[in-house]
There are 2 protein chains.
Amino acid sequence: MVRAVSDTHGEILAAAARQFTVTGYRGTSLQDIAREVGCSKATVLYHFANKEALLAELMAPAIGVLRDLDDRLTGLTGAAAQEFAAQGFVDLAVRFRREIAVLRGEFPELLCQPAFAHIQQISDRLRDALAGHSERPAARIAALVLLAGISEACGEFADITDDDLRSALLTLVRRAVEPVDAPLPQPPTTEDKDS
Amino acid sequence: MVRAVSDTHGEILAAAARQFTVTGYRGTSLQDIAREVGCSKATVLYHFANKEALLAELMAPAIGVLRDLDDRLTGLTGAAAQEFAAQGFVDLAVRFRREIAVLRGEFPELLCQPAFAHIQQISDRLRDALAGHSERPAARIAALVLLAGISEACGEFADITDDDLRSALLTLVRRAVEPVDAPLPQPPTTEDKDS
DNA sequence: TCAGACCCTGACCGATCGGTCAGAGAGAAG
DNA sequence: CTTCTCTCTGACCGATCGGTCAGGGTCTGA
């Protein structure tokens, strides 16, 4: 039986999400979260093993999508990989605006935690794909600026619909990204026409 | 007289700069800084009124250049403002890679402090200029993504020379930015070709 | 020799952090 | 009624934070 399963768990999660986006992970104390929910700090720690576990549960969906994107990226090369990375990352950034905003700036330390061990590697692969796997500094720089800028910026456009934001970002990426070095021969099947 | 003016002050500043770029402002304690310098925490607080004053002194040069850029931006409009903002900001970002990296992610809280009260407004004006003062969401989004991405990314290319980084970023911005709505008639005089 | 400015320190402070723990209260099951 | 589980809490803990303070060295100029 479920015993109506008090939604305190969910309330804590929601409050944490709100506070993390405003004051950041480090800047938000368990006390702050408890206060917003209207319970004690001990209650927060009854529902979550520790502060890190709270963050991990908050990020789980976004990280799942990111891993999925990474999986489907392997095998693609050249312009196809570039376009797929662009679409995939823009879509992810838009859908998980809030979650990404949480990690803003706290990446370096947070990435050391086991729960987030792989996302640095994944984002590196995304960047490489977006750079057309080129070694040219200009291509690498453009890809990193776009990834970082989108991560940073998309949380600040709460007044724009997902669709509008997505199309604007995708247009921007396609215009800004370095074109792949050589027009490599790619099978004309399973191809998206404008890239 | 100068009494050889013990360079402890400078050493503390340098150590703080290093640590802030790695662990962030919040993540670095006065104890950490003192340990790297090889002095006591009390010594750090003898040379600087408090932790915030240390940060302020570290940021002063970058902020000065930013204000100067803002001053020279007023009066310019359209494509001229856009190009000036692009060149000015890219140059600033490259020259002060380290300082900008310090503020990475800690902007929201730090901007509340009096020493940094104006830089949010300045960066807003920079973004507007880069967007060609357009109201179109796509233009605003592109400008913000570029500003945020450059701020975020330029600290991570320690292996690239200033000149290379600057030209790569400038190329990126010119390609990525939304062109101004209309080719407005601008006086061909008092025009800075590259500064 | 001595006063004073400068530089530095250990000891200490209150506040706050994440986290622990014993136990209270409410229902459900027997 | 008793018993058990689930939910929640106040009190408390050690660690660490930014910051204060009285005082000890050291050098300089009178």
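Every chain is numbered from 1, with letters handed out A, B, ... down the list of sequences.
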Qualifying residues under ring pair (Phe, Tyr, Trp, His ring centres under 6.0 Å), relative to F48(A), sequence neighbours excluded: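 H9(A).
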Would you kindly give the [atom1]-to-[atom2] distance between [X] and [N], to the nearest whole Å?
| X | N | atom1 | atom2 | result |
| --- | --- | --- | --- | --- |
| I33(A) | dG18(C) | CD1 | P | 8 Å |
| I12(B) | dC8(C) | CD1 | P | 7 Å |
| Y25(A) | dG18(C) | OH | P | 8 Å |
| E11(A) | dT7(D) | CD | P | 14 Å |
| N50(A) | dG14(D) | CG | P | 20 Å |
| Q31(B) | dA11(C) | CD | P | 13 Å |
| D7(A) | dC6(D) | CG | P | 18 Å |
| R26(B) | dC17(C) | CZ | P | 10 Å |

Close side-chain approach of K51(A) and Y25(A), heavy atoms under 4.5 Å: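 A side-chain contact under 4.5 Å exists here.
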Taking side chain as C-beta onward, heavy atoms only, is V94(B) less than 4.5 Å from C154(B)?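 V94(B) does not reach C154(B) side chain to side chain.
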Residues E156(B) and R97(B) bridged, charged N to O under 4.0 Å: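 No salt bridge links E156(B) with R97(B).
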For the backbone of D32(B) and the side chain of Q19(B), can you confirm whether one donor and one acceptor N or O come within less than 3.5 Å of each other?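 Answer holds: yes.
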Want to settle it: does G38(B) or K41(B) sit nearer the 5' end of DNA chain C, counting the closest nucleotide to each?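 Nearest-nucleotide comparison on DNA chain C picks G38(B).
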D163(A) vs R166(A), salt bridge (Lys or Arg N to Asp or Glu O under 4.0 Å): CA-CA, chis, key distance, verdict: CA-CA 5 Å; D163(A) 284 344; R166(A) 183 163 27 229; 2.8 Å; yes
Quick check on [N]: is either OP1 or OP2 less than 4.0 Å from any side-chain nitrogen or oxygen of [X]?
| X | N | result |
| --- | --- | --- |
| S29(A) | dT16(C) | no |
| S40(A) | dT9(D) | yes |
| T8(B) | dC7(C) | no |
| Y46(A) | dT7(D) | yes |
| H47(B) | dC8(C) | yes |

Restricting to nitrogen or oxygen on both sides, can you table the protein-nucleotides 21-25 of chain C pairs closer than 3.5 Å?
none

Pairing donors with acceptors under 3.5 angstrom, does anything connect the side chains of D124(B) and Q120(B)?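 Yes, Q120(B) and D124(B) have a side-chain donor paired with an acceptor closer than 3.5 Å.
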Taking atom types as they are modelled, is there a donor-acceptor pair under 3.5 Å from the base of dG19(C) to the side chain of K51(A)?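 No, the side chain and the base share no sub-3.5 Å donor-acceptor pair.
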Which part of the nucleic acid, if any, lies within contact of L30(B), taking any heavy atom under 4.0 Å across all strands shown: a base, the sugar-phosphate backbone alone, or nothing?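 Touches sugar-phosphate only.
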